[in-house]
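Every value quoted in this text rests on a predicted model; they were computed, and no experiment measured them.
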Amino acid sequence: MSDRFRIDSHKLMFHPQRVAQWLSADGDWRKARHVYPIYMEISPMGACNHRCTFCAIDYTGYNPNSLDVELLSSQIPEMARLGVKSIMYAGEGEPLLHKKINDIIRITHASSIDVALTTNATVYPRGFVEESLPRLSWLKASINAGTPENYGRIHRAPERDFYKAIDHLRASVLYRDQNRLSCTLGAQALLLPDNVDEMDHLARLCRDEIGLDYLVVKPYSQHLFSHTTRYQELEYTTSLLHLNEKLSALSTDRFSLIFRAHTMRKYQDQNRYTRCHATPFFWAYIMADGTVSGCSAYLLDQRFEYGNLNQESFQAIWEGEKRQQSMAYVAEQLDIQECRRNCRMDEVNRYLYQLKHQTVPHVNFI
């Protein structure tokens, strides 16, 4: 099974108690207020050292905001107590630019929350490998080209950053293996007309020279508010999907080439669920300025903002009036056709829609 991590699917079915809690709430705020997210994405840093041609959240401005470690040291244990099980540090900026990212990861891990990191891997702070790698469930690097020249064009960054990312990842693999750590190390690339001819080379680089556990090749998705529209007409037709068989053949017992063909085919699909059920329940997003939002596709949209950690506790925000209002808006007014296609919760929503509306015939014949 090349996608043993279920990256091209979802894992909500492994949390039946939380799903049952959501089903039981059935829109009743008195019950729904206590349905806490399983997974959260937190942006420790708003600034980024790259300006990728495909950046979905360029509209946020790459502001040099950063989350205060002392604030997180009190808020994260509360999140764990309330039922948050995992946090991915990524966001509108590069998380490893935060000067105290090692402390943030340590606090999160000590709170019994699974920790992960998505990064461009070009800036490793001092002690990161030794201090943070043992505490991470996984690290995924964004590498969107197979050559330094094309990497520089797509990431809009110095070509030397291509080599920095490779060196940092190779050092991570070496340290992980020498110390028998459990951290999964992978990379991801958006499949674009600009890099389609380099995917084979990138995959072999990740497998043979770096020693990563996987490479994900995934589709682009136009963000609603992005300034960039360079790829908005991109369609994942046969000319791109044909790579699936060729690239998947590169998988081995220790390396997975995860070609997200299922998600690519969905990109053109307009016949999806009619309502978002994942928001505002199973996940949340915290911006580098402390804003708690219900959906990363609607950052800076006040209809999806519940409060700010610099002003209130996470529990007060999650059980507060703004989230209640947002829940009513999503349930009664949000036009799903205006949402970003293939959003992070797309597969979760397809699952929840089937549960809620019993779209599968004869469900009692298990």
Side-chain angles (χ1 to χ4, degrees), residues 37 39-68 71-72 75 79 84 87-95 97-98 104 118-120 142 156 190 220-232 275-314 316-346 348-349:
Y39 157 81
M40 296 182 64
E41 181 174 346
I42 297 181
S43 177
M45 191 75 189
C48 189
N49 59 328
H50 287 187
R51 292 294 185 271
C52 299
T53 57
F54 54 80
C55 183
I57 46 180
D58 52 5
Y59 71 96
T60 62
Y62 308 107
N63 296 314
N65 300 316
S66 63
L67 288 171
D68 181 69
L71 174 71
L72 292 175
Q75 297 282 8
M79 293 173 191
V84 174
I87 292 176
M88 178 182 73
Y89 289 107
E92 66 263 27
E94 167 51 50
L97 288 176
H98 196 294
I104 294 174
T118 297
T119 172
N120 60 38
S142 179
R156 289 196 288 192
L190 285 175
Y220 172 81
S221 174
Q222 180 65 45
H223 195 286
L224 299 168
F225 310 135
S226 293
H227 295 319
T228 179
T229 57
R230 180 171 178 171
Y231 307 106
Q232 67 176 348
R275 174 184 165 189
C276 177
H277 289 298
T279 304
F281 298 104
F282 296 101
W283 76 312
Y285 185 104
I286 298 177
M287 297 185 69
D289 67 356
T291 299
V292 178
S293 176
C295 181
S296 64
Y298 288 96
L299 297 182
L300 304 183
D301 188 325
Q302 293 185 2
R303 297 172 299 176
F304 294 84
E305 292 182 353
Y306 310 148
N308 192 293
L309 290 181
N310 291 294
Q311 300 165 1
E312 298 178 274
S313 71
F314 183 72
I317 292 171
W318 197 256
E319 297 184 12
E321 182 180 357
K322 288 185 177 180
R323 178 170 167 258
Q324 181 183 11
Q325 293 171 349
S326 184
M327 186 182 82
Y329 172 77
V330 172
E332 300 166 9
Q333 299 180 54
L334 178 64
D335 183 357
I336 204 72
Q337 296 303 322
E338 296 179 3
C339 289
R340 185 183 186 185
R341 286 180 289 170
N342 280 347
C343 72
R344 195 180 295 278
M345 289 293 115
D346 181 72
V348 167
N349 267 315

With rounding to the nearest 0.5 angstrom, report the CD to OG distance, Q324 to S326.
11.0 Å
Going by heavy atoms in the side chains, are Y39 and I87 under 4.5 Å from each other?
no
CD of Q302 to OG of S293: how many Å apart, nearest 0.5 Å?
11.0 Å
Between G294 and Y306, what is the shortest heavy-atom contact and its length?
CA-OH, 3.1 Å
d(N120 CG, C52 SG) to nearest 0.5 Å is 7.0 Å
I need the L309 CG to D68 CG distance, nearest 0.5 Å.
11.0 Å
With a 3.5 Å distance limit and no angle check, can you tell me whether R341 reaches the backbone of E338 through a side-chain donor-acceptor pair?
no
Should I57 and F225 count as side-chain neighbours, where that means a heavy-atom distance under 4.5 Å?
no
Please assess V292 against E305 for the test side chain to side chain contact (heavy atoms under 4.5 Å, CB included), listing each intermediate value before the final yes or no.
CA-CA 6 Å; V292 178; E305 292 182 353; over 6 Å; no
E94 (side chain) donor-acceptor with H50 (main chain) under 3.5 angstrom:
no
Inspect the surroundings of CD in Q232 and state if more than 12 heavy atoms from other residues, nucleotides or ligands are less than 6.0 Å away.
yes
Under 3.5 Å, is there a donor-acceptor pair between the S221 and R340 side chains?
yes
Looking at every non-hydrogen atom in both residues, tell me the closest pair between R275 and V330 and how far apart they are.
CG-O, 4.2 Å
Closest heavy-atom contact between V348 and A278?
CG1-CB, 4.1 Å
Over all heavy atoms of both residues, which pair between L72 and L67 is shortest? Give the atoms and the distance, please.
CD1-CB, 4.0 Å
Evaluate the side-chain proximity of M45 to P95: yes if any heavy-atom separation is below 4.5 Å, no if none is.
no
ring-ring contact (aromatic ring centres under 6.0 Å, His included) for F54 and Y220? Distances and angles first, verdict last.
CA-CA 8 Å; F54 54 80; Y220 172 81; 7.4 Å; no
Without swapping roles, check the side chain of D335 against the backbone of Q337 for a donor-acceptor pair under 3.5 Å.
yes
Pairs meeting criterion salt bridge (charged side-chain N to carboxylate O under 4.0 Å, His left out) with involvement of residues 280-292, two or more places apart
none
Should Y329 and F304 be marked as a side chain to side chain contact (heavy atoms under 4.5 Å, CB included) after you check the CA-CA gap, both sets of side-chain angles, and the distance that decides it?
CA-CA 9 Å; Y329 172 77; F304 294 84; 4.1 Å; yes
List in chain and number order the residues that pass side chain to side chain contact (heavy atoms under 4.5 Å, CB included) with C339, two or more places apart in sequence or in another chain; answer none if no residue qualifies.
R272, Y298, L334, I336
Kindly indicate, with the supporting measurements, whether the criterion side chain to side chain contact (heavy atoms under 4.5 Å, CB included) is fulfilled by M88 and R344.
CA-CA 13 Å; M88 178 182 73; R344 195 180 295 278; 3.8 Å; yes
Working to the nearest 0.5 angstrom, can you tell me the gap between L190 CG and S142 OG?
6.5 Å
Roughly how far, to the nearest 0.5 Å, is the CG atom of N49 from the CZ atom of R51?
8.5 Å
Residues forming a side chain to side chain contact (heavy atoms under 4.5 Å, CB included) with P37, sequence neighbours excluded
M40, V84, A284, F314, W318
Any heavy-atom pair between the side chains of I286 and T291 that's under 4.5 Å?
no
Go through the side-chain N and O atoms of Q222 and T229 and say whether any donor and acceptor fall under 3.5 Å apart.
no
Can you find a heavy atom in the side chain of E92 that is under 4.5 Å from one in the side chain of Y62?
no
E312 and Q75, any side-chain heavy atoms less than 4.5 Å apart
no
With a sphere of 6.0 Å drawn around CD of Q333, does it hold more than 12 non-hydrogen atoms of other residues, nucleotides or ligands?
yes
Answer whether the closest heavy-atom distance between the side chains of I104 and Y89 falls below 4.5 Å.
yes
Candidate pair H223 and Y59, rule ring-ring contact (aromatic ring centres under 6.0 Å, His included), full reasoning
CA-CA 10 Å; H223 195 286; Y59 71 96; 5.2 Å; yes
Which pair of non-hydrogen atoms, one from T53 and one from T228, has the smallest distance, and what is that distance?
O-OG1, 3.0 Å
Got L299 and M287 here, is their nearest side-chain heavy-atom distance under 4.5 Å?
yes
Which heavy atom of P64 sits nearest a heavy atom of A47, and at what distance?
CA-CB, 4.0 Å
H98 backbone acceptor or donor facing S66 side chain under 3.5 Å
no
Determine yes or no for a side-chain-to-main-chain donor-acceptor pair under 3.5 angstrom, with N349 supplying the side chain and C276 the backbone.
no
